[in-house]
S.K.: 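To start, I am sharing the structure in question, which I have written as structure tokens.
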Amino acid sequence: MLTANATTNGPGSQEGRGRRSPMPAWFAIARRLHNLPTWARYAIATLLVLIVTFLMRYTVVHDAPGYHFIFFVPPVILSSLFLAQGSGIWAVLLSTAVIKAFLLAPVFTLEFARGEDFWTLVLFLGTGLVTALSGEALHKAFFQLADANSKLTAAYDRIAASEREKEILLHDLTHRFKNDLANLTAILRLQARDVADPSARTELIAASERVHVMGRVHQRLARFGQGSMVDMREFLTDLCEDLRIGMIGSRPIALQAEVEAGQFPFAQAITIGLIVNELVTNAVKYAFPDGRPGTITVDFTRSGQGFCLTVVDDGVGQSASAPGSTGLGQRLIQSMARQLGGGYEAQSHDGGRRCTIYFPATAGGRPRKVVNAG
């Protein structure tokens, strides 16, 4: 029986790639106008000014005397923002000419009936040129930004395609590695059958089991291969379930996993998984002889500035090296503990055995905020 008592921070979620917002209709129009040839832009600017002139001449001029200039501002702004390449300046100059020619008396001459009309026209010309230049600068900056955004989008697509390709290659490599480990396991077991020396046979079988475990650990971790970090709670809980099915079976031994949720680097997770496998395997083999019932508890928590992995059983309290064993398993555990930058301690007593590994937190291990599960 396997029970898992885990702490987590509530429903997990992964950040997804945001959907691209559709292009606004006005931007699509601006893009089409931006791509027009120069003569077409000037023609559109001229058309806008002539439309305003027609309206002023035949409809508005009599109802709004003295406000002629206001109606020519929209063509200047639209030409400078959407057409650019001098279209706004052309609209200002053309508007100034038609205002004098058609709307300021005396018409069709360069004379002015009132001095204030001259200065008003000069003010319109100056203000219009400033507006046109500002609008064209905004137009240029906007499309430079749009082009830069398009390049970034293209670069993002290339990176995404590269990541997908790497995921496919990683999946293929993982599959090949798993097959190689399976072949190595089979070779070691076949070799063990042909060895006459019982001690050598035992060591070959033990080696084949460790290689098999490495393959199982790697297979478990492969499902986390989308990124370089592994959820230790899910990984260790699933690993203990594998050990329960593969080693305990129907024996009266309970295997419990109490794991604090946290994200760890792929390579570090492999080392932790191999240690858990070695300690649980030893407990199943030696702590409960002759069908003795009992419990094995795997505990992984944050402790101060580091992490603490503990495997406890309530068996017979076997020694550090089981009878007939070379102690290779203990040396492997000590070596893997040093790889984590920590230390290994084993304590045996009449009520069982406690194995503890403490290692410091690294920049790679980023446990999530822990909230007690209800």
Side-chain angles (χ1 to χ4, degrees), residues 4-7 203 206-207 209-211 213-214 216-218 220-221 228-240 243 247 255-287 294-323 325-368 370:
N5 180 16
T7 54
E203 291 303 323
E209 289 178 353
R210 291 187 178 99
V211 173
V213 167
M214 185 178 296
R216 186 168 64 231
V217 170
H218 198 276
R220 276 293 180 188
L221 287 175
S228 60
M229 307 302 292
V230 176
D231 187 324
M232 289 302 296
R233 180 187 68 83
E234 183 178 355
F235 167 59
L236 289 183
T237 301
D238 290 347
L239 178 60
C240 288
L243 292 171
M247 298 201 63
L255 178 57
Q256 299 178 343
E258 300 178 358
V259 184
E260 181 175 311
Q263 299 290 323
F264 280 79
F266 191 93
Q268 198 174 37
I270 288 181
T271 303
I272 296 172
L274 291 173
I275 292 175
V276 170
N277 173 84
E278 193 71 30
L279 291 175
V280 172
T281 299
N282 287 343
V284 172
K285 284 184 177 180
Y286 306 119
T295 301
I296 302 172
T297 301
V298 177
D299 183 83
F300 184 76
T301 58
R302 183 72 183 257
S303 177
Q305 298 299 316
F307 297 93
C308 184
L309 171 64
T310 306
V311 177
V312 182
D313 67 73
D314 57 0
V316 297
Q318 79 275 23
S319 61
S321 297
S325 171
T326 62
L328 176 60
Q330 296 297 313
R331 293 198 298 273
L332 286 175
I333 294 173
Q334 293 172 358
S335 175
M336 288 185 287
R338 286 194 295 270
Q339 289 181 22
L340 295 173
Y344 168 61
E345 179 182 356
Q347 297 177 338
S348 298
H349 47 81
D350 293 339
R353 181 175 173 83
R354 172 183 293 270
C355 299
T356 303
I357 293 176
Y358 177 85
F359 60 95
T362 63
R366 298 195 302 267
R368 296 189 294 267
V370 179

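The residues of the chain are indexed from 1 along the displayed sequence. The analysis underlying the following values was restricted to heavy atoms, covering all of them including side chains, and did not include hydrogens, waters or symmetry mates.
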S.K.: Output the distance between atom CG (Leu309) and atom CD1 (Ile357), rounded to the nearest 0.5 Å.
M.R.: 5.5 Å

S.K.: Which heavy atom of Arg233 sits nearest a heavy atom of Val259, and at what distance?
M.R.: CA-CG1, 3.5 Å

S.K.: Partners of Val284 by side chain to side chain contact (heavy atoms under 4.5 Å, CB included), sequence neighbours excluded?
M.R.: Met247, Ile248, Arg251, Val280, Ile296

S.K.: Among residues two or more places apart or on two chains, list those pairs meeting salt bridge (Lys or Arg N to Asp or Glu O under 4.0 Å) that have a residue in residues 269-282.
M.R.: Arg210-Glu278

S.K.: Among Asn277, Thr281, Ile275, which residue satisfies the side chain to side chain contact (heavy atoms under 4.5 Å, CB included) criterion with Leu279?
M.R.: Ile275

S.K.: Using atom types as modelled, flag every donor-acceptor pair under 3.5 Å from a side chain in residues 332-343 to any protein atom, sequence neighbours excluded.
M.R.:
none

S.K.: Show your working on side-chain contact (heavy atoms from CB on, under 4.5 Å) between Gln256 and Thr295 and close with a plain yes or no.
M.R.: CA-CA 7 Å; Gln256 299 178 343; Thr295 301; 4.0 Å; yes

S.K.: I need the Leu236 CG to Glu260 CD distance, nearest 0.5 Å.
M.R.: 12.0 Å

S.K.: Taking side chain to side chain contact (heavy atoms under 4.5 Å, CB included) as the definition, give me every residue that meets it alongside Glu345, ordered by chain and number, with sequence neighbours left out.
M.R.: Gln347

S.K.: Is there side-chain contact between Ile272 and Phe300, with heavy atoms separated by less than 4.5 Å?
M.R.: yes

S.K.: From Leu239 CG over to Leu274 CG, what is the distance, rounded to the nearest 0.5 angstrom?
M.R.: 8.5 Å

S.K.: What residues form a side chain to side chain donor-acceptor pair (under 3.5 Å) with Tyr344, not counting sequence neighbours?
M.R.: Gln330

S.K.: Could you tell me if the side chain of Phe307 sits less than 4.5 Å from the side chain of Tyr358, heavy atoms only?
M.R.: no

S.K.: Sequence neighbours left out, what pairs pass salt bridge (Lys or Arg N to Asp or Glu O under 4.0 Å) with at least one residue falling in residues 263-276?
M.R.: none

S.K.: When rounded to the nearest 0.5 angstrom, what is the spacing between OG1 in Thr297 and CG in Asp314?
M.R.: 7.5 Å

